[in-house]
Trainee: 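Following this message is one structure expressed as structure tokens.
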Amino acid sequence: RHHKARCEPGAKSVKRSSQPRAEAGEGVAARGGAQLSVVARRSWSGRKFSVRRSARDITNMSQQAANGLPCRGKVLNLDNMNPNVRRVEYAVRGAIVQRALQIDKELKEGVKKPFTEVIKANIGDAHAMGQKPITFLRQVLALCAYPDLLDDNKFPDDSKQRARRILEACGGHSIGAYSSSQGIECIRQDVARYIEKRDDGISSDPDNIYLATGASDAIVTMLKLLVCGKGRDRTGVMISIPQYPLYSAALADLAAVQINYYLDEDKCWSLDIAELKRAVTAARQHCNPRVICIINPGNPTGQVQSRQCIEDVIRFAKEEHLFLMADEVYQDNVYAEGCKFHSFKRVLFEMGPEYSTTVEMASFHSTSKCYMGECGFRGGYMEVINMDPEVKAQLTKLVSVRLCPPVPGQALLDLVVNPPQPDEPSYDKFMKERTAVLAALAEKAGLTEQIFNTVPGITCNPVQGAMYTFPRITLPQKAIDKAEGQVPDMFYCMKLLEEEGICLVPGSGFGQREGTFHFRMTILPPTEKLKFVLQKISDFHIRFTQEFS
């Protein structure tokens, strides 16, 4: 939109063939802290104008002018870039996390703070929070990465057997080679067997398994297939509120319509079918609802859906002719008494052919959560059910564009779905480590609920599963007014970061009912550090409430 000036050597002015425009800075809002090198201030005198620029731009202009080259603005700028990308927001790694990283740097440079470290409780990154890797997983991965170790007697025989099997399935017997786009075949076979065992014998076809760069990549890929149309025919996607920001970010990027359905906080974040019907009916006035997304166990809310709830959702999807996306990456993270993980696939097939042969579904799992916490390897899979064969061919084509998922991540996934068996030498140690991780998480889930509910102004539902708590906080009106354009729970969390060095994500980043405020915190820190964090947040909340009362 801006005038493209040409700089000629020795030129004192630039001719302009149209009438002068308004000030370049008018109407331009601050966009996420982005800085423009051109100071948006122009002065006009007849047909001449001057532009005040940064030192770097002046240098570039001088060099270009000296070479006789034209001087133009950037080919890509905020005004002409993809507008959908500008609309993307991802609170889990948003502004508050950027400030946390900056404070980290300041501490290392010797800047005095009321604390000695920043505790990043904003993200479910188990190993970053101190969780130790599972020995068996890393042994096999080490052998795959450096096969010379296969001759080392420090490694148990079953670890070596797994490594050899994976390497034999790789091109050139190396995990440095590309795999097939859908994933290594023997690993997809292992995933199918894992699903069959998990679902008490319900059949799984390896050809319906797609390995992925974590569950996130598979989720975005499915949404790409599903989004189409324009105007009122644009695809609408139902997502829970609160939601994991991957969904809202992906929908913004794809220019799809986000359809919010609210979880019931007063009933431990349960899902109400009447609310689903309300949301889909309202949405049909302005879009074409085609998809419903469910996260179970829940992120950020930590609830575990009952079997009855899952049946109700499946009936709803069939009645409303919706594609069902089941995000089940926390399926091993269930802690509360009386709660149990039920896969959507198992429930679907146990409901009989009326549903199992008609409801279209994709389910997702990952190596990043559960007891593994291996976020950095980016391993995951999706299973598609009842997908049109022609669409499935398009899905295969789409994943082929990315060549293949990371092969080390595929190898790790194979170990998760095919762990040591009771008659193998690694079994006892593997089970001991796995059990210890999940038991510690269960303890921390109870501890978090217990401590937060002793603090006036904080209400915390039971953490039934997953790795997070999403407490509701009561903020004084004076604090809400003080936020001055900033979302009040962001103001709260930023103040907590500056005063206590604890990084949380404000509830507004996940969505919440109007007039309510929350934050999300992971329960992953070691128990003693978690106690420290919970106490610091509790003390801060009391102090914050007093300050603004």
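Numbers here are sequence positions counted from 1. Computed from a predicted structure; not experimentally measured.
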Trainee: Do Asp327 and Tyr244 meet the criterion of a side-chain donor-acceptor pair at a distance under 3.5 Å?
Mentor: no
Trainee: Main chain of Val437, side chain of Gln131: is a donor-acceptor contact present, judged purely on distance under 3.5 Å?
Mentor: no
Trainee: Return the CZ to CD1 distance between Phe519 and Ile96, rounded to the nearest 0.5 Å.
Mentor: 11.0 Å
Trainee: For a quick test of reading the model, state the closest non-hydrogen atom pair linking Ile184 to Ala169 and the distance between them.
Mentor: CG2-CB, 3.6 Å
Trainee: Return the CG to OH distance between Leu441 and Tyr335, rounded to the nearest 0.5 Å.
Mentor: 4.0 Å
Trainee: Rounded at 0.5 Å granularity, tell me how far CG in Leu348 sits from CD in Glu360.
Mentor: 11.0 Å
Trainee: Which heavy-atom pair separates Pro425 from Asp157 by the least distance, and what is that distance?
Mentor: CG-N, 4.4 Å
Trainee: For Ser366 and Met372, work out which heavy atoms get closest and say how close.
Mentor: O-CE, 3.5 Å
Trainee: Before accepting this row, confirm whether a basic side-chain N of the pair Asp104/Lys120 lies closer than 4.0 Å to the acidic partner's carboxylate O.
Mentor: yes
Trainee: Main chain of Pro525, side chain of Lys444: is a donor-acceptor contact present, judged purely on distance under 3.5 Å?
Mentor: yes
Trainee: Begin from the C-alpha positions of Glu319 and Arg315 and carry the test salt bridge (charged side-chain N to carboxylate O under 4.0 Å, His left out) through to its verdict.
Mentor: CA-CA 6 Å; Glu319 290 168 4; Arg315 290 190 186 94; over 6 Å; no
Trainee: If I take atom CD from residue Gln410 and atom CG from residue Leu211, how far apart are they, to the nearest 0.5 angstrom?
Mentor: 5.0 Å
Trainee: Can you name the salt bridge (Lys or Arg N to Asp or Glu O under 4.0 Å) partners of Glu337, sequence neighbours left out?
Mentor: none
Trainee: What do the steps show when you test Arg162 against Asp414 for salt bridge (charged side-chain N to carboxylate O under 4.0 Å, His left out), and what is the final call?
Mentor: CA-CA 9 Å; Arg162 300 302 173 83; Asp414 189 60; 6.0 Å; no
Trainee: Between the main-chain N or O of Gly380 and the side-chain N or O of Thr367, is there a donor-acceptor pair closer than 3.5 Å?
Mentor: no
Trainee: Report yes or no: do Asp312 and Gln308 form a side-chain donor-acceptor pair below 3.5 Å?
Mentor: yes
Trainee: A side-chain contact here means heavy atoms from C-beta on lying under 4.5 Å apart; do Ile175 and Leu167 qualify?
Mentor: yes
Trainee: Tell me the closest heavy-atom pair linking Val220 and Ala250, and the distance in Å.
Mentor: CG2-CB, 4.1 Å
Trainee: Less than 4.5 Å apart, any side-chain heavy atom of Val334 and any of Lys340?
Mentor: no
Trainee: So Phe377 and Pro406, do their side chains get closer than 4.5 Å, heavy atoms only?
Mentor: no
Trainee: For Asn386 and Val359, work out which heavy atoms get closest and say how close.
Mentor: ND2-O, 2.7 Å
Trainee: Kindly say whether Cys228 contributes a backbone atom to a donor-acceptor pair with the side chain of Thr235 at under 3.5 angstrom?
Mentor: yes
Trainee: Does a side chain donor of either Gln161 or Arg164 reach within less than 3.5 Å of an acceptor in the other side chain?
Mentor: no
Trainee: Do Phe349 and Asp199 pass the side-chain contact (heavy atoms from CB on, under 4.5 Å) test, and can you show the C-alpha distance, the side-chain angles, and the key distance before you say yes or no?
Mentor: CA-CA 10 Å; Phe349 276 78; Asp199 293 341; over 6 Å; no
Trainee: I'd like to know whether Arg520 forms a side-chain contact (heavy atoms from CB on, under 4.5 Å) with Asn299, so could you lay out the CA-CA distance, the side-chain angles of the two residues, the decisive distance to 0.1 Å, and finally the verdict.
Mentor: CA-CA 9 Å; Arg520 189 191 81 161; Asn299 176 10; 2.9 Å; yes
Trainee: Would you check if there is a donor-acceptor pair between the side chains of Ser180 and Glu185 at a distance under 3.5 Å?
Mentor: no
Trainee: Could you tell me whether the side chain of Leu271 reaches within less than 4.5 Å of the side chain of Ser240, counting heavy atoms only?
Mentor: no
Trainee: Heavy-atom distance under 4.5 Å between the side chains of Leu254 and Leu226, does that happen here?
Mentor: no
Trainee: Out of Val237, Ile292, Ile219, which one pairs with Met325 under the side-chain contact (heavy atoms from CB on, under 4.5 Å) rule?
Mentor: Ile219
Trainee: Give me the ring orientation class for His518 and Phe470: parallel if the planes are under 30° apart, tilted from 30 to 60°, perpendicular past 60°.
Mentor: parallel
Trainee: Any side-chain heavy-atom pair from Gln305 and Val347 closer than 4.5 angstrom?
Mentor: no
Trainee: Going by atom types alone, do Gln394 and Lys397 pair a side-chain donor with an acceptor below 3.5 Å?
Mentor: yes
Trainee: For the residue pair Lys154 and Leu149, establish whether any side-chain heavy-atom pair is separated by less than 4.5 Å.
Mentor: no
Trainee: Would you say the side-chain atoms of Glu424 and Ser426 include a donor-acceptor pair closer than 3.5 Å?
Mentor: no
Trainee: One thing to verify: whether Glu168 and Arg165 come together as a salt bridge, which I'm taking to mean a side-chain N less than 4.0 angstrom from a carboxylate O.
Mentor: no
Trainee: Is there a donor-acceptor pair under 3.5 Å between the side chain of Asn453 and the backbone N or O of Thr459?
Mentor: no
Trainee: Given the rule in the side-chain contact (heavy atoms from CB on, under 4.5 Å) test, do Met521 and Ile537 qualify, once you have shown the distances and angles that lead to the verdict?
Mentor: CA-CA 11 Å; Met521 185 188 85; Ile537 295 172; 3.5 Å; yes
Trainee: Atom OG of Ser363 and atom CD1 of Ile209: how far apart are they, to the nearest 0.5 Å?
Mentor: 7.5 Å
Trainee: Any chance the side chains of Thr435 and Tyr371 put a donor and an acceptor closer than 3.5 Å?
Mentor: no
Trainee: Side-chain contact, heavy-atom cut-off 4.5 Å: Tyr261 with Glu275?
Mentor: yes
Trainee: Determine whether more than 12 heavy atoms belonging to other residues, nucleotides or ligands lie under 6.0 Å from atom NZ of Lys392.
Mentor: yes
Trainee: Minimum heavy-atom separation for Arg188 and Pro206, please, with both atom names.
Mentor: NH1-O, 2.9 Å
Trainee: Is the side chain of Glu449 donor-acceptor paired with the backbone N or O of Cys460 at a distance under 3.5 Å, no angle test?
Mentor: no
Trainee: Out of the candidates Val291, Leu324, Leu322, only one should pair with Met238 under the side-chain contact (heavy atoms from CB on, under 4.5 Å) rule; please name it.
Mentor: Leu322
Trainee: Measuring from atom CZ of Arg472 to atom CG of Asp489, what distance do you get when rounded to the nearest 0.5 angstrom?
Mentor: 12.0 Å
Trainee: Counting distance only, does the side-chain N/O of Lys160 pair as donor-acceptor with the main-chain N or O of Asp152 below 3.5 Å?
Mentor: yes
Trainee: Quick one: does any side-chain atom of Asn461 pair with a main-chain N or O of Glu265 as donor and acceptor, under 3.5 Å?
Mentor: yes
Trainee: With sequence neighbours left out, which residue pairs that include part of residues 144-198 fulfil the ring pair (Phe, Tyr, Trp, His ring centres under 6.0 Å) condition?
Mentor: none
Trainee: Between Leu251 and Ile239, does a side-chain contact (heavy atoms from CB on, under 4.5 Å) hold up when you go through it step by step?
Mentor: CA-CA 10 Å; Leu251 297 180; Ile239 65 173; 4.2 Å; yes
Trainee: According to salt bridge (Lys or Arg N to Asp or Glu O under 4.0 Å), does anything in residues 366-384 pair up with another residue at least two apart or in another chain? List the pairs.
Mentor: Arg138-Glu374, Lys345-Glu383
